[in-house]
Number of protein chains: 2
Amino acid sequence: MPNNQFKKGELYSFITGKASTAIARRLQKKFNAAGLHITIEQWSVLYHLWKQEGISQQELCNATFRDKPSITRLVDNLEKLNLVKRVASDNDRRINLIYLTRQAQKLQEEAMTLAEETLNEALETVPPDKVDVCKEVLQIVYDNLK
Amino acid sequence: MPNNQFKKGELYSFITGKASTAIARRLQKKFNAAGLHITIEQWSVLYHLWKQEGISQQELCNATFRDKPSITRLVDNLEKLNLVKRVASDNDRRINLIYLTRQAQKLQEEAMTLAEETLNEALETVPPDKVDVCKEVLQIVYDNLK
DNA sequence: GGCATATAGTTGTTTATACAACTATCCAAA
DNA sequence: TTTGGATAGTTGTATAAACAACTATATGCC
């Protein structure tokens, strides 16, 4: 039996990702206000490199759910901003390993603080157990569709 | 006290809207497979016009959470596709009222069916009460940030 | 009536996404 | 050892988003 419980307006919000759009906009404003000259998309790449640098562009594709051309161009722009460097792999010359510059390393703490701050603002007044359910549902949605 | 309950990876998914991105991609694939030559963004504009046509571009901005230039260009493209028409308002000559063409009216049923189908696939296996909690949380997030 | 201000929409620019087509390199099987 | 298929990354093209700057029209106040 279909899970057909969406009033029309709610269907719209779910598909268009109204909430995550609002979160991304708020975080971008915080970056701008703090003088961090990076986009949310660039942040999303740096996010994974801060966890582990020296990974390939393909691994960045998998981590960020983007296709290869998107990552090529994000890395292009991050290189222009002097935030990352492409280093050809010794083992496999098809592969670029992506490394952070000193400048990017210095951004990590401030950017991650602003990200956490944004989420806290977003979830203010939401009871923790409801947040848990929401996270769980969104994960299932992703797994159902991927 | 901050609602600081996100492990790093979950923070990332929440901000980047992994689930809604997956939903939008799935719906776009369905449109393509069905030979509906519209984008998700164009659908999101048509969606509101199907509910009520003859509204202004500004009203479309409010309904779709987009800024004015975005709507100008979406309406441009929808006009090129012969799906909508701009009609200058009699009362206020600054305003364009947007009307659907016959062709766009004929798309409604199929497009909306595919949208509902997509959501049902996304929410398959999710208990209805959890979906309700999730909708509620996302609405609060939006209200907290808007 | 005339002017300041607000509102509706457009245009320019930069960044990002998706898809298709492409090059370079690797690997495995004949 | 060659060759065919897979994998990593790039480039071209269309669509879209965000921001700033702009034009045109309306409105309210003197």
Task: Pair B/Gln103-B/Asn82, side-chain donor/acceptor within less than 3.5 Å - done: no
Task: Pi-cation contact, B/Tyr142 with A/Lys18 (under 6.0 Å, within 45°) - done: yes
TODO: Please check if any side-chain donor atom of A/Gln57 sits under 3.5 Å from a side-chain acceptor atom of A/Asn96, or the reverse.
DONE: yes
TODO: Could you check how far CD1 of A/Ile55 sits from C1' of D/dG9, rounded to whole Å?
DONE: 15 Å
- [ ] State, yes or no, whether a side-chain contact exists between B/Lys30 and B/Glu121 at a heavy-atom distance under 4.5 Å.
- [x] yes
- [ ] Determine whether the side chains of B/Ser89 and B/Arg94 contain a donor N or O and an acceptor N or O closer than 3.5 Å.
- [x] no
TODO: Find the distance B/Lys29:NZ to C/dA20:C1' and express it as a whole number of Å.
DONE: 13 Å
Open item on the list: Using C1' atoms of five pairs at each end, report the bend of the helix from C/dG1-D/dC30 to C/dA30-D/dT1 rounded to 10 degrees.
Closed with: 10°
Open item on the list: Whether the B/Asn120 and B/Glu116 side chains hold a donor-acceptor pair (N or O, under 3.5 Å, no angle test) is what I'd like checked.
Closed with: no
Open item on the list: Whether the B/Asn62 and B/Gln58 side chains hold a donor-acceptor pair (N or O, under 3.5 Å, no angle test) is what I'd like checked.
Closed with: yes
TODO: Mind calculating the distance between CD1 (A/Ile95) and P (D/dG9) to the nearest angstrom?
DONE: 6 Å
- [ ] Sugar-phosphate atoms are those with a prime plus P, OP1 and OP2; base atoms are the rest. Using that split, label each nucleotide of nucleotides 10-17 of chain D B, S or - for protein heavy atoms under 4.0 Å, 5' to 3'.
- [x] BBBB-SSS
TODO: Measure from CG on A/Leu60 to C1' on C/dA16 and round the result to the nearest Å.
DONE: 16 Å
TODO: For B/Asp90 and for A/Thr21, find the nucleotide of DNA chain D with the closest heavy atom, then tell me which residue's nucleotide is more 5'.
DONE: A/Thr21
Task: B/Glu79 with B/Arg86: basic N within carboxylate O range, under 4.0 Å - done: yes
Open item on the list: Does this structure show an ion pair linking A/Asp76 with A/Arg73, if we count only N-O contacts that are shorter than 4.0 Å?
Closed with: no
Open item on the list: If I take atom CG in residue B/Leu27 and atom P in nucleotide C/dA18, what distance separates them, rounded to the nearest angstrom?
Closed with: 14 Å
Task: Flag side-chain contact, heavy atom, 4.5 Å: B/Val84 against B/Leu46 - done: yes
- [ ] Tell me which of B/Asn32 and B/Gln58 sits closer to the 5' end of DNA chain C, going by the nucleotide each one is nearest to.
- [x] B/Gln58
Would you tabulate the pairs of protein nitrogen or oxygen atoms and nucleotide nitrogen or oxygen atoms of nucleotides 23-25 of chain D closer than 3.5 angstrom?
residue : atom : partner : partner atom : Å
D/dT25  : O2   : B/Arg94 : NH1          : 3.4

Task: Whole angstrom value for the distance that separates P of D/dA26 from CG of B/Asn91 - done: 10 Å
Open item on the list: Is there a side chain to side chain contact (heavy atoms under 4.5 Å, CB included) between A/Leu36 and A/Glu110? Walk through the geometry before answering.
Closed with: CA-CA 9 Å; A/Leu36 265 60; A/Glu110 187 167 13; 3.4 Å; yes
